[in-house]
Colleague: 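Sharing a structure, written as structure tokens. Questions coming.
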Protein chains: 2
Amino acid sequence: MSILTVMSISSQPLRVAVVDRDSGFVAVLSRRLERAGWQHRVLGSAVPLEDLVALRLNAVVVDPALLGAEAREWLARVSAELPELGVVVCTGPSTVAQRVHGLRLGADDWVTKPCHPEEVLARVEAVVRRRRRAGARAEAGPVVAGELEIRPELFQAFVGGVSVDLTRREYELLHLLCAAPGQVLEREEIYQRVWGYAMAHGDRSVDVFVRKLRRKLEARSPDWKYIHTHFGIGYRFEPEPVREGVPTDAPASAGDTAPAGETVPAG
Amino acid sequence: MSILTVMSISSQPLRVAVVDRDSGFVAVLSRRLERAGWQHRVLGSAVPLEDLVALRLNAVVVDPALLGAEAREWLARVSAELPELGVVVCTGPSTVAQRVHGLRLGADDWVTKPCHPEEVLARVEAVVRRRRRAGARAEAGPVVAGELEIRPELFQAFVGGVSVDLTRREYELLHLLCAAPGQVLEREEIYQRVWGYAMAHGDRSVDVFVRKLRRKLEARSPDWKYIHTHFGIGYRFEPEPVREGVPTDAPASAGDTAPAGETVPAG
DNA sequence: CCGGGCGGTGAACGGCTTGTGAAAGACCTG
DNA sequence: CAGGTCTTTCACAAGCCGTTCACCGCCCGG
């Protein structure tokens with residue numbers, strides 16, 4: 001219980017529609033939603049998809065009994081046409097509901113009444129969280145930086161087309177650096193954005209992970225340097241790596257005059 | 001109510017023939033079809049294909065018991081000559097072998113009696129929808145990944161042409177993984193899409209079924225690794241499996257450059 | 001030239017995640 | 001209702017990863 005409360009507090013308010021006629025259920029759930037600070041609207045019957053769009057909802061809690069025989073179709077359309085909208089089916093103990101569920105209609109989750117409002121909230125949150133993450137990953141286009149390629153939709157990084165095995169932190173750190181090529185990122189900011197909270201004084205995690213990344217990347221393309229150190233500040237990612245050791249003669253002279261740290265790519 | 005309007009627009013009435021002699025079943029289903037506004041016709045025995053064409057049907061619900069010895073041929077011909085026509089086989093208790101056999105001959109789906117008329121309707125709708133956009137989408141098309149092949153129309157998987165005995169959950173999990181080769185899928189997403197609802201905290205079902213799949217697959221092709229673990233994230237399926245233990249020397253240099261991590265499948 | 005601070009690096013510890021076998025429970029079948 | 005299969009849950013083992021620490025080298029300011 002207390003856990004659920006904490007969770008709903010920590011998450012930002014959501015916009016939810018409840019499509020149900022069970023007055024008792026609606027009343028309890030409604031109160032709970034209000035207490036969580038979520039904006040919600042109770043609907044006595046299903047509405048056209050267009051109206052759902054107009055409500056700018058994050059999720060909808062619906063009893064398919066109100067949808068009749070078209071429940072399946074409705075849910076399928078919502079799922080297909082409103083990818084941002086989470087759908088939690090909330091049914092009575094009927095067996096038909098279970099069959100419908102078995103037929104995989106397109107809802108994200110289901111709850112059987114009677115149930116705790118807490119549970120509904122928790123499931124709605126889980127569904128929305130998942131939808132958001134999936135959407136974000138699908139939206140975030142691939143990042144290409146020289147031989148290096150990051151594909152968020154695959155959750156993977158590639159060097160020269162070959163996938164690099166990265167842990168979660170490694171991947172997120174590399175993604176962050178790659179997304180801002182040529183830009184110097186302060187340690188504090190890196191930590192904040194990868195770890196999600198403020199860096200404690202004396203924490204060396206960022207350094208250690210930069211080390212790990214360097215090792216894994218340079219194992220693939222030796223004598224290329226992707227991550228540069230800025231003393232007293234942080235790190236910088238270079239998409240067009242500068243060859244170390246042997247300075248590539250031709251570019252070297254031209255390169256020294258102007259571009260050294262510059263982002264200006266092959267162009 | 002408004003939803004009904006939406007629904008009737010989206011799922012237009014279908015034309016269905018029911019080939020069955022089970023009077024109880026036919027009566028119930030008939031009434032339900034009428035209520036859904038579908039035009040339907042009950043046939044006491046199988047009819048020549050030409051007549052089916054004349055009826056301009058969207059789908060046919062048929063008990064193969066009525067087809068007698070010609071059941072196989074009939075189904076095969078329907079499948080071959082009437083690609084627009086969905087076929088839902090509705091039988092009494094049958095073995096998996098019989099079902100698979102029927103599906104192999106061209107049926108799109110099957111239901112076992114006794115069953116809820118809702119279920120029949122739902123399956124017919126699904127089948128018609130699938131047929132309508134067939135060909136273009138690989139929705140129900142076979143998935144081929146290296147030696148592994150998945151044929152949704154048979155509900156079966158094959159390794160090197162030999163079928164693998166999989167349970168429902170195993171099959172669906174493998175299908176999901178295969179459909180996204182090279183992609184890292186998070187546990188929550190896997191659970192959501194295979195189980196159909198949100199994963200509860202601490203649920204280990206995905207792990208257990210990955211274990212089962214690994215065991216069955218690797219029993220067929222030892223020292224090949226299909227399913228890779230991404231610590232703290234989820235799993236990834238590799239269509240072009242990497243041989244474990246001994247790094248294949250010759251292919252290693254050539255192979256590393258291109259094929260390994262590539263996601264781009266055949267089509 | 002020297003010293004202090006900062007970053008590089010390797011290793012080790014602890015916690016958390018996953019692998020794995022088995023038992024309990026749900027479901028279907030006969 | 002009995003028997004089997006499939007699914008879920010549980011407990012323990014194994015392994016990985018993230019963090020921290022210590023030491024050393026390097027950069028920068030004096």
Side-chain angles (χ1 to χ4, degrees), chain A residues 93 95 98-99 101-102 112 155 164-174 184-188 190-191 194-219 225-236 244, chain B residues 91-99 110-116 119 155 164-174 184-188 190-191 194-219 225-236 244:
Chain A
T95 54
Q98 292 172 344
R99 296 196 181 232
H101 162 250
T112 51
F155 232 115
V164 189
D165 248 26
L166 298 179
T167 70
R168 184 178 213 106
R169 285 267 144 85
E170 288 168 355
Y171 170 84
E172 285 174 3
L173 173 58
L174 181 61
V184 180
L185 295 170
E186 293 179 67
R187 268 193 186 66
E188 308 257 338
I190 291 174
Y191 194 94
V194 171
W195 273 257
Y197 49 95
M199 185 174 77
H201 180 69
D203 195 313
R204 300 288 305 279
S205 298
V206 175
D207 303 66
V208 174
F209 275 88
V210 165
R211 160 70 179 149
K212 295 181 185 210
L213 273 183
R214 279 174 171 160
R215 178 181 286 184
K216 287 190 177 180
L217 292 180
E218 290 164 9
K225 191 175 179 183
Y226 287 97
I227 305 176
H228 298 248
T229 304
H230 281 241
F231 199 93
I233 306 178
Y235 298 95
R236 168 176 58 94
E244 279 184 333
Chain B
T91 75
S94 59
T95 67
V96 173
Q98 289 171 327
R99 292 172 189 167
W110 87 87
V111 190
T112 50
K113 292 191 254 188
C115 56
H116 211 280
E119 189 175 355
F155 286 100
V164 189
D165 245 27
L166 297 180
T167 69
R168 181 177 197 86
R169 285 268 141 87
E170 288 168 355
Y171 168 83
E172 286 177 1
L173 173 58
L174 181 61
V184 181
L185 296 170
E186 293 178 78
R187 268 191 185 68
E188 296 209 351
I190 291 174
Y191 194 94
V194 171
W195 273 256
Y197 49 95
M199 185 175 78
H201 181 68
D203 196 311
R204 298 288 307 278
S205 298
V206 174
D207 302 64
V208 174
F209 276 87
V210 164
R211 158 77 177 143
K212 290 170 190 255
L213 272 183
R214 277 175 173 160
R215 180 180 284 183
K216 288 190 176 179
L217 291 180
E218 289 165 9
K225 190 176 180 183
Y226 287 99
I227 304 176
H228 298 246
T229 304
H230 282 241
F231 199 96
I233 305 177
Y235 296 95
R236 168 176 57 95
E244 280 184 331

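Only a predicted model underlies this, so the values are computations on that prediction, with no experimental measurement involved. Letters A, B, ... mirror the listed sequences (proteins, then strands); counts begin at 1.
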Colleague: State whether the distance check finds a donor on one side and an acceptor on the other, under 3.5 Å, for side chain A:Arg168 versus base D:dG18.
Modeller: no
Colleague: Can you find a side chain N or O atom of B:Thr229 that sits less than 4.0 Å from OP1 or OP2 on C:dT17?
Modeller: no
Colleague: Using the side chain to side chain donor-acceptor pair (under 3.5 Å) criterion, which residues pair with B:Glu218? Sequence neighbours excluded.
Modeller: none
Colleague: Who passes salt bridge (Lys or Arg N to Asp or Glu O under 4.0 Å) against B:Asp207, sequence neighbours left out?
Modeller: B:Arg187, B:Arg204
Colleague: Minimum heavy-atom separation for B:Glu170 and B:Thr167, please, with both atom names.
Modeller: OE1-N, 2.8 Å
Colleague: Once you apply a heavy-atom cut-off of 4.0 Å, does B:Tyr235 come out as touching a base, just sugar-phosphate, or nothing?
Modeller: sugar-phosphate
Colleague: When the distance from CZ of A:Phe209 to C1' of C:dT9 is rounded to whole Å, what number comes out?
Modeller: 15 Å
Colleague: Under 4.0 Å between a side-chain N or O of A:Thr167 and OP1 or OP2 of D:dG18?
Modeller: yes
Colleague: Just the rounded figure in Å: distance from C1' of C:dT18 to CG of B:Asp203.
Modeller: 14 Å
Colleague: Find the distance between CG (A:Leu185) and CZ (A:Arg236) and round it off to the nearest 0.5 Å.
Modeller: 11.0 Å
Colleague: Where do A:Arg214 and A:Thr229 come nearest, in terms of heavy atoms and distance?
Modeller: NH2-OG1, 2.7 Å
Colleague: Working note: A:Leu217 + A:Leu174, criterion side chain to side chain contact (heavy atoms under 4.5 Å, CB included); need CA distance, chi angles, decisive distance, verdict.
Modeller: CA-CA 10 Å; A:Leu217 292 180; A:Leu174 181 61; 4.0 Å; yes
Colleague: With rounding to the nearest 0.5 Å, note down the distance linking NZ in A:Lys212 to CG in A:Leu173.
Modeller: 11.5 Å
Colleague: Below 3.5 Å is the cut-off: list the nitrogen or oxygen pairs between protein and nucleotides 4-6 of chain C, distance only.
Modeller:
none

Colleague: Which heavy atom of B:Lys216 sits nearest to which heavy atom of B:Leu166, and what is that distance?
Modeller: CD-CD2, 3.8 Å
Colleague: Looking at A:Tyr235, A:Tyr197, A:Phe209, which one forms a ring pair (Phe, Tyr, Trp, His ring centres under 6.0 Å) with A:Tyr191?
Modeller: A:Tyr197
Colleague: What is the distance from CD1 of B:Ile227 to P of C:dT18, rounded to the nearest Å?
Modeller: 14 Å
Colleague: Test side chain to side chain contact (heavy atoms under 4.5 Å, CB included) on B:His230 and A:Tyr171 and set out the steps.
Modeller: CA-CA 11 Å; B:His230 282 241; A:Tyr171 170 84; over 6 Å; no
Colleague: Roughly, in whole Å, what's the span from CZ in B:Arg204 to P in D:dT7?
Modeller: 18 Å
Colleague: How far apart are the C-alpha atoms of B:Arg169 and B:Trp195, what are their side-chain angles, what is the distance that settles it, and do they pass the side chain to side chain contact (heavy atoms under 4.5 Å, CB included) test?
Modeller: CA-CA 8 Å; B:Arg169 285 268 141 87; B:Trp195 273 256; 3.2 Å; yes
Colleague: Starting the side chain at C-beta, find the nucleotide from C:dG8, C:dG19, D:dT8 nearest to B:Arg214.
Modeller: C:dG19
Colleague: Can you list the residues that meet the side chain to side chain donor-acceptor pair (under 3.5 Å) rule with B:Arg211, with sequence neighbours excluded?
Modeller: none
Colleague: Output the rounded distance in Å from CZ (A:Arg169) to P (C:dC16).
Modeller: 13 Å
Colleague: Enumerate all atom pairs, one protein N or O and one N or O from nucleotides 21-24 of chain C, separated by less than 3.5 Å.
Modeller:
| from | atom 1 | to | atom 2 | distance (Å) |
| --- | --- | --- | --- | --- |
| C:dG21 | OP2 | B:Arg211 | NE | 3.4 |
| C:dG21 | OP2 | B:Arg211 | NH2 | 2.1 |
| C:dG21 | OP2 | B:Arg215 | NH2 | 2.7 |

Colleague: Based on the rotation axes of five pairs at each end, what angle does the helix from C:dC1-D:dG30 to C:dG30-D:dC1 bend through, to 10°?
Modeller: 40°
Colleague: With respect to the phosphate group of D:dT19, does any side-chain polar atom (N or O) of A:Trp195 fall under 4.0 Å of OP1 or OP2?
Modeller: yes
Colleague: Could you state the atom-to-atom distance from CD of A:Glu218 to P of C:dT9 in whole Å?
Modeller: 9 Å
Colleague: Expressed in angstrom and rounded to an integer, what is the separation of A:Lys212 atom NZ from D:dC17 atom P?
Modeller: 8 Å
Colleague: What's the CG-P distance between B:Asp207 and D:dG15, to the nearest Å?
Modeller: 17 Å
